[in-house]
Amino acid sequence: MDTLPQVNDEVIKQMGILPEEYEKIKTFLGREPNFNELSIYAVMWSEHCSYKNSIKWLKTLPKKGPHLLAEAGEENAGLVDLGDGLACAFKIESHNHPSALEPYQGAATGVGGINRDIFTMGARPIAQLNSLRFGKPDLERTKWLLKGVVKGIGDYGNAFGVPVLGGEVFFDECFNTNPLVNAMSVGVMKTGNTVSATSYGAGNPVFIVGSATGKDGIHGATFASEDITEASADKIPAVQVGDPFQEKLLLEATLEVIKTGAVIGMQDMGAAGITCSTSEMSAKGKHGMVIHLDKVPMRQKNMQPFEILLSESQERMLVVVEKGREIEVEEIFEKWDLNCVQIGEVIEGDILKYYFHGELVAEVPADSLVLGGGAPVYEREYREPTYFKEKDKFSIDQVPIPEDLKKVARFLIGHPNIASKKWVTDQYDTMVGTKNMTTNNPSDAGIVNLKGTQKALALSVDCNSRYVYADPMIGCAIAVSEAARNIVCAGGVPSAITNCLNFGNPYNPEVYWQFVNAIKGMSQACEKFQTPVTGGNVSFYNQASSGNKTEPVFPSPVIGMMGVLKDKSHQTGIGFRKEGDQIFLIGTSKNDINCSEYLYSYHGVKLSPPPYFDLDEEQQVQQVLYEAIVKGLVSSAHDVADGGLFTALFESARVFNKGFRIESDAGIRKDAFLFGEAQSRVVVSVSPEKEEEFAELMALSDVDFSLLGEVSGKEALVDGESFGSIKELMETSERVFPEMMGE
Amino acid sequence: MKFGVVVFPGSNCDHDMIYVLKKLMDQEVMALWHKEKDLQGCDFIILPGGFSYGDYLRSGAIARFSPIMEQVIAFAQKGGYVLGICNGFQILCEAHLLPGALLHNPNHRFMCHNAFIRCETDNALVTRTLSPGQVLKIPIAHGEGRYYAPEKTLRSLNDQDQVLFRYCDETGNLNPSHNPNNSEEYIAGICNENRNVFGMMPHPERAADPELGNTDGLLVFEGILNAMIKE
């Protein structure tokens, strides 16, 4: 073995360890750490693994709910009881930094990692969603990133065999350098078959299974906890390479091994590889471990102990097995042609001892490494940014009403943030598994059939980063509300959320202020909808540095929500179905264009308050809508979101190519009526036979509703004026992405 | 009547296929592992969709050499019924049980959406319950689905009535904008000369469950069942 590099101030700094953290390490060890040990602390105490700058605030999020089987942080992913003996595991995670450098592999391994988090618990992944943000659409870099990320997600997920059921794609110049790539996976298992990420029982063997270990992804977790700079391209070895075929085999083998009952605990290897899985499992099970690093199957020669410890090679798991049952486990991995090698065993105490060819190369207490144990926890200072008050200077009166609103409508329908995402979604297998109930009946949420039961799952991922920037507390409450609204529109009841918190540098007090307020807004909304936070991921350092200037991205707390359709008959699509059906708006039209795509992109007003929002009103709208759906009174439901009412009407019309005829509201500006994004509004269509009962139900509630018009013809008619045929508008909308990509 | 669904490492539509046959059609189904050397008395073999062996070399190129495929090839050569869907179709072409090849889609992009296909003949087991000209809405999901064969082969496919399905628009017209992967002569599915080996790129098993709102694919399986029972 080569001699270890020296530990000195320069090395400590390079690894991102603060002087006070170094002192803490010395206290835990009672001595100076060697290079391997320092590397271990560096990754385990990185933001990515330790949540040291966020955990204080994350702990304030509502975590309790009536149907939770595992609370946030207890397991690899949150776990919700679905009834009928089924449980749902789901989680969202970011892969922003790898995707910024190598979009294809970055996105692919993001998908791989989040799926492993789900099946390592014993659940078979049944749906994926993703939330993507890129820079200005006309930049070559944006096109390169978009193309690579979409292909990466598709190639990995398609081969792995899990359908994509939903997602978002958003463009803004603040993401020019640093895109956001968040992937969510949802799995289902039989209640009680859960496997924990734990380790106990001295003498029990520890196996590494799956792919061989290489030098890829070393210090990936540390890299994810730094700003993206011009020098970042030098860090490409910190990006991992994915192999969906291995992952598919690992999935099948893992689920088969769990069935044997021989597994004590299991954890996938994501960030910080063997280091993270050995320490987190040991800390959780309050035991130690002896690991022989030279026994790890390697695909590169001359790997150093610290490289084996830190490698983020994909498609690997650490499995602790009941002693005496090794053969059962080995046979299953043999069947699937996967590595399965014993690399150590569980010991009493809480010390992790790593050996390399018989020599002890690192010795650390497991608990000192992990969140909730010895990992540092910081309170960061925060300060209201100057722009926050500035935004209130905006008034709708500063904006003239454009003469030609038809032109505005076309502009919005043709804007990449609103246009059809078919170019993207066509590249994903959305149907494998034959559980996608929205292929032939698109709805605001993705719906997964729970075969053999009355129920279905509803899934949505939402965040309007622009709203969150304008007001992090309100913006984040809106993100939760929109996710819930989508689930209710689809016929479901919101159950729980996972979140992916994408922010800039936490050491910047203004960024941290955005973070703190977003958490507060999320708490308020989650409490309102009784949707606890089951877990998620924090991604700081999303900003572009160039010279002395750093620009954080829009704060983007992406909310992944799951809900349940108590009966499949509640499934409600967005599409207008029948000529003559009456179109109603549930909620109130407002004289409000704040933060809308219309104001931001058409008028170029970049700073304004968030759109009108009232959490109580939101809840009432959702309640009465749910009642109407359960009673079978609505033929379609679609929430008014980005692009406003006109976009919502068009999206409902295009599904079955049905036109509409509506009248505007004389009491408010017509541009605000058509393109404003005031919240808590839903467009529903109601058949004439159900109209009376619907109106009665609405009248009994405290919620505003109004008749907009009816489903009619093949055109979009507003106040008797044609805004174009649905077919033509659809062509405009579908042309945007292919044209943007030069096809 | 016993169906056998071959499971290659990387198959990902095997569960879906088994679900349709077992749960929706109440048939006996065996999963046949790729390392096995016995078809276990199955009367009808299905090669499902997916990415067998990762499809890293070329779709289906490795799978044709697996132990189970030796048996499938022998079974087919003796007149046994074999249907390949998507990756299964690719494997059958690689194994030369069906003529032609499935090439990369234009733009080298994976595509997944509902497609319309037109039944071209009812003189095949899988189209027995359909009428020529009948249009079905069946999803496609593939990266390499562009059917290609030399002109001579195409001529012979037409002459021998071996084209089972062509891509078309909603009303059954052959229309370049509805030939999703630019296949030769819009070909979406074919059979061999002996009419016992079938291949198609679209996924009928994805359009079989009433709970998903489209049962056009069920007609294909009903055709198989009716015909087999009669035989």
Check: At a heavy-atom separation under 4.5 Å, does A/Asn449 approach chain B through its side chain, its backbone, both, or neither?
Finding: side chain
Check: Looking only at heavy atoms, which two atoms of B/Asn214 and A/Asn440 are closest? And how far apart?
Finding: CB-ND2, 3.4 Å
Note to self: Check whether A/Lys248 reaches the backbone of B/Phe51 with its side chain - one donor and one acceptor, N or O, closer than 3.5 Å.
What the structure shows: no
Notebook entry, point to check: Does atom NZ of A/Lys259 have more than 12 heavy-atom neighbours from other groups under 6.0 Å away?
Noted result: no
Next item on the list: Answer yes or no: are there more than 12 heavy-atom neighbours, outside A/Glu334 itself, under 6.0 Å from its atom CD?
Entry: no
Next item on the list: Report, by ascending residue number, the residues of residues 13-24 of chain B in heavy-atom contact with chain A at a distance under 4.5 Å; give 'none' if the set is empty.
Entry: B/Cys13, B/His15, B/Asp16, B/Tyr19
Notebook entry, point to check: Which atoms of A/Lys435 come close to chain B, meaning under 4.5 Å heavy atom to heavy atom: side chain ones, backbone ones, both, or neither?
Noted result: backbone
Next item on the list: Using heavy atoms and a sub-4.5 Å threshold, report which of residues 101-119 of chain B line up against chain A, by residue number.
Entry: B/Asn107, B/His108, B/Arg109, B/Phe110, B/Met111, B/Cys112, B/His113, B/Asn114
Next item on the list: For A/Asn436 and B/Arg206, run side-chain contact (heavy atoms from CB on, under 4.5 Å): C-alpha distance rounded to whole Å, both residues' side-chain angles, the deciding distance at 0.1 Å, then the answer.
Entry: CA-CA 10 Å; A/Asn436 184 351; B/Arg206 293 185 178 191; over 6 Å; no
Margin query: Looking at chain B, which one of A/Thr439, A/Thr425, A/Asn158 has the largest number of heavy-atom pairs inside 4.5 Å, strictly under?
Written below: A/Asn158
Checklist line | Contact origin within A/Glu252 toward chain B - heavy atom pairs under 4.5 Å | finding: side chain
Checklist line | Flag if over 12 foreign heavy atoms under 6.0 Å of NZ, A/Lys566 | finding: no
Item checked: Interface residue of largest heavy-atom contact number with chain B, from A/Gly154, A/Ala159, A/Gly161, under 4.5 Å -> A/Ala159
Check: Looking at A/Val162, A/Asp337, A/Asn441, which makes the most heavy-atom pairs under 4.5 Å with chain B?
Finding: A/Asp337
Notebook entry, point to check: Is it the side chain or the backbone of A/Asp243 that comes within 4.5 Å of chain B heavy atoms, both, or neither?
Noted result: both
Next item on the list: Answer with side chain, backbone, both or neither: which region of A/Glu247 has an atom nearer than 4.5 Å to a non-hydrogen atom of chain B?
Entry: neither
Checklist line | Within-4.5 Å side-chain heavy-atom neighbours: B/Leu212 and A/Thr434 | finding: yes
Check: Is A/Lys714 atom NZ crowded by more than 12 heavy atoms from other residues, nucleotides or ligands, each under 6.0 Å away?
Finding: yes
Next item on the list: Among A/Asp426, A/Leu249, A/Asp155, A/Val150, single out the residue with the greatest number of heavy-atom pairs under 4.5 Å to chain B.
Entry: A/Asp426
Checklist line | Toward chain A, the part of B/Asp209 with a non-hydrogen atom under 4.5 Å | finding: side chain
Next item on the list: Return the option, out of B/Ala141, B/Pro139, B/Gly10, B/Pro9, with the maximum number of heavy-atom pairs under 4.5 Å with chain A.
Entry: B/Pro9
Item checked: CG on A/Asp429 to CD1 on B/Ile140, rounded to 0.5 Å -> 11.0 Å
Next item on the list: Report the relative orientation of the aromatic rings in B/Tyr53 and A/Phe245; use parallel for angles under 30°, tilted for 30 to 60°, perpendicular for over 60°.
Entry: tilted
Note to self: Tell me whether A/Lys147 at atom NZ has more than 12 heavy atoms from other residues, nucleotides or ligands lying less than 6.0 Å away.
What the structure shows: no
